[in-house]
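This report concerns only the one structure given below.
Numbers for residues simply follow the sequence, beginning at 1. Being a predicted model, the structure only gives us computed values, none of them experimental.
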Amino acid sequence: MTRNPLLDRIGLDLPIIQAPMAGISPPAMAAAVSGAGGLGSIGVGATHAESAGAMIAEVRARSNGPLNVNVFCHRPARPDPRRESAWIARFAPEFKKFEATPPAALGEIYRSFVEDDAMLAVLLDTRPQVVSLHFGLPSAARIDALQAAGIIVFASATSLAEARQATAAGVDAIIAQGYEAGGHRGLFDAEGADDRLGTMALTRLLARQIDRPIIAAGGIMDGAGIAAALHLGAAAAQLGTAFVGCDESLADAGYRAALFSDAAHHTVMTRTISGRPARCLANRFTHLGDIAATDIPDYPIAYDLGKALHSAGKAKGEFGFGAQWAGQGAPLARALPAADLVATLAAELARS
């Protein structure tokens, strides 16, 4: 298999990165992937520094392989009590169907890395091989601090303009996130224009015009997809939805059932669940989003309500209000242990 400097620098046997899906990819998955020759990842954007440190320690207790830790760099939310109260009222009838009471108020449930000094301290202390940035960039001082500690820094980009910003900020590699990708779009400005570039077009564009290793992400589910990304100039491919059905995944029974159902053929980009654009399996929440997606509170304040509604529904056996993130390649998902999936992907890649 052709080597490249990025793989050598990280210490990877394979050009395969398991996406850091916050709340879905636990330390056990990251350790299994890294142990199988890929880059295992955990997402800590939805937790606090102490928990992040514990997650990193758990991965290292399970595997000596390289680790990617992902943080969210969104603009801190701007509270708007009027808008938030209206959003709660809009969904009150749904809570009533489940004999549940909606939240009295909504809060900023996640702290952005751009202002989280405690998270930075944990990363500098634990020194994972890679830290990846999503939703934008932190200050140059934070990037410099990570790199001074020997950490390789990735940044997601959905466009050439974002990739240029990330390159100017000094990151080491760019994740080219195509519109096919599941979960949250990595848009630097969630309110701005989105050219909705597909993975293959974006990967080739960045490979031609950006002087950094490019990692293709979005819609890649098997070895043939990885091979295609490498052929277009990517140094590696990042797969998320491919790992949602794995044994180690924290996806609940409803999420798994939906992934292996007709819903996989009908993913939807929605802002309603969290307040930022994200690709989700078609479900009751995405259907409501077609009706209700106006004047949404900022991310992650809107997500406070989304999580509460999911909990209310799940308590009554209704999983259709979950954040069932998935990319357009979802129909190709497989239910395997993570290490077995990596081995399968490697075998498919070798044959491609």
Does any non-hydrogen side-chain atom of [Y] lie less than 4.5 Å from one of [X]?
| X | Y | answer |
| --- | --- | --- |
| Ile17 | Phe154 | yes |
| Leu39 | Ile10 | yes |
| Val130 | Leu67 | no |
| Pro20 | Val69 | no |
| Ile273 | Cys280 | yes |
| Leu305 | Pro102 | no |
| Met269 | Thr286 | no |
| Leu123 | Val71 | yes |

Give a yes or no on whether [X] and [Y] share a hydrophobic cluster (residues Ile, Leu, Val, Met, Phe, Trp, Tyr; joining criterion: side-chain heavy atoms under 4.5 Å apart).
| X | Y | result |
| --- | --- | --- |
| Ile143 | Phe188 | yes |
| Leu120 | Ile152 | no |
| Phe113 | Ile109 | no |
| Phe285 | Met21 | yes |
| Phe260 | Leu341 | yes |

Tell me the closest heavy-atom pair linking [X] and [Y], and the distance in Å.
| X | Y | value |
| --- | --- | --- |
| Ser132 | Ile175 | CB-CD1, 4.4 Å |
| Thr47 | Met55 | CG2-SD, 4.3 Å |
| Ala30 | Val59 | CB-CG2, 4.1 Å |
| Ile215 | Ala237 | CG2-C, 4.2 Å |
| Ile296 | Gly275 | CG2-CA, 3.9 Å |
| Ile220 | Ala229 | CD1-CB, 4.2 Å |

Can you tell me how far [atom2] of [Y] sits from [atom1] of [X], rounded to the nearest 0.5 angstrom?
| X | Y | atom1 | atom2 | value |
| --- | --- | --- | --- | --- |
| Ile88 | Thr101 | CD1 | OG1 | 12.0 Å |
| Leu288 | Thr270 | CG | OG1 | 9.5 Å |
| Leu137 | Cys73 | CG | SG | 7.0 Å |
| Leu309 | Arg284 | CG | CZ | 8.5 Å |
| Arg196 | Arg185 | CZ | CZ | 8.5 Å |
| Ile151 | Leu146 | CD1 | CG | 5.0 Å |

Would you list the pairs meeting side-chain hydrogen bond (donor to acceptor under 3.5 Å, both in side chains) in which at least one residue belongs to [range], sequence neighbours left out?
| range | answer |
| --- | --- |
| residues 228-255 | Asp252-Lys314 |
| residues 143-159 | His134-Ser156, Gln147-Asp172, Thr158-Glu162 |
| residues 57-66 | Glu58-Arg62 |

Regarding Arg212 and Thr167, do their side chains bring together a donor and an acceptor under 3.5 Å, going by distance alone?
no
Are the side chain of [X] and the backbone of [Y] linked by a donor-acceptor contact shorter than 3.5 Å?
| X | Y | value |
| --- | --- | --- |
| Glu108 | Ala77 | yes |
| Thr203 | Thr199 | yes |
| Gln177 | His184 | yes |
| Ser41 | Ala19 | no |
| Asp304 | Gly107 | yes |
| Arg271 | Pro277 | no |
| Ser34 | Gly40 | yes |
| Arg256 | Gly245 | yes |
| Asp298 | Ile301 | no |

Verdict with reasoning, Arg82 to Asp295, per side-chain contact (heavy atoms from CB on, under 4.5 Å)
CA-CA 10 Å; Arg82 180 206 58 79; Asp295 206 20; 3.3 Å; yes
Holding to ring pair (Phe, Tyr, Trp, His ring centres under 6.0 Å), I want the full list of residues that pass it with Phe72, two or more places apart in sequence or in another chain.
Phe135
Using the salt bridge (Lys or Arg N to Asp or Glu O under 4.0 Å) criterion, which residues pair with Lys97? Sequence neighbours excluded.
Glu94
Asp80: which residues meet the salt bridge (Lys or Arg N to Asp or Glu O under 4.0 Å) condition with it, sequence neighbours left out?
Arg83
Under a 4.0 Å N-O cut-off, is there an ion pair linking Asp211 with Arg164?
no
Can you name the side chain to side chain contact (heavy atoms under 4.5 Å, CB included) partners of [X], sequence neighbours left out?
| X | result |
| --- | --- |
| Leu250 | Pro26 |
| Pro213 | Leu6, Ala173, Ala235 |
| Leu205 | Leu160, Leu197, Gln209 |

Would the number of heavy atoms belonging to other residues, nucleotides or ligands and lying under 6.0 Å from CD of Glu115 be above 12?
yes
For residues 342-352, dump all side-chain donor-acceptor pairs below 3.5 Å to protein atoms at least two apart in sequence or in another chain.
{"residue": "Thr344", "atom": "OG1", "partner": "Asp340", "partner atom": "O", "Å": "2.9"}
{"residue": "Glu348", "atom": "OE1", "partner": "Gly223", "partner atom": "N", "Å": "2.9"}
{"residue": "Glu348", "atom": "OE1", "partner": "Arg334", "partner atom": "NH2", "Å": "3.4"}
{"residue": "Glu348", "atom": "OE2", "partner": "Arg334", "partner atom": "NH1", "Å": "2.6"}
{"residue": "Ser352", "atom": "OG", "partner": "Glu348", "partner atom": "O", "Å": "2.8"}

Residues 321-328, side-chain donor-acceptor partners within the protein, below 3.5 Å, at least two apart:
{"residue": "Gln324", "atom": "OE1", "partner": "Asn283", "partner atom": "ND2", "Å": "3.1"}
{"residue": "Gln324", "atom": "NE2", "partner": "Phe319", "partner atom": "O", "Å": "3.1"}

Considering residues at least two apart in sequence or located in another chain, which fulfil the side chain to side chain donor-acceptor pair (under 3.5 Å) criterion with Asp117?
Arg142
Verdict with supporting geometry, Met29 and Gln18, side-chain contact (heavy atoms from CB on, under 4.5 Å)
CA-CA 9 Å; Met29 178 183 288; Gln18 164 249 316; 3.8 Å; yes
Parallel, tilted or perpendicular: which one describes the rings of Trp87 and Phe91, with boundaries at 30° and 60°?
perpendicular
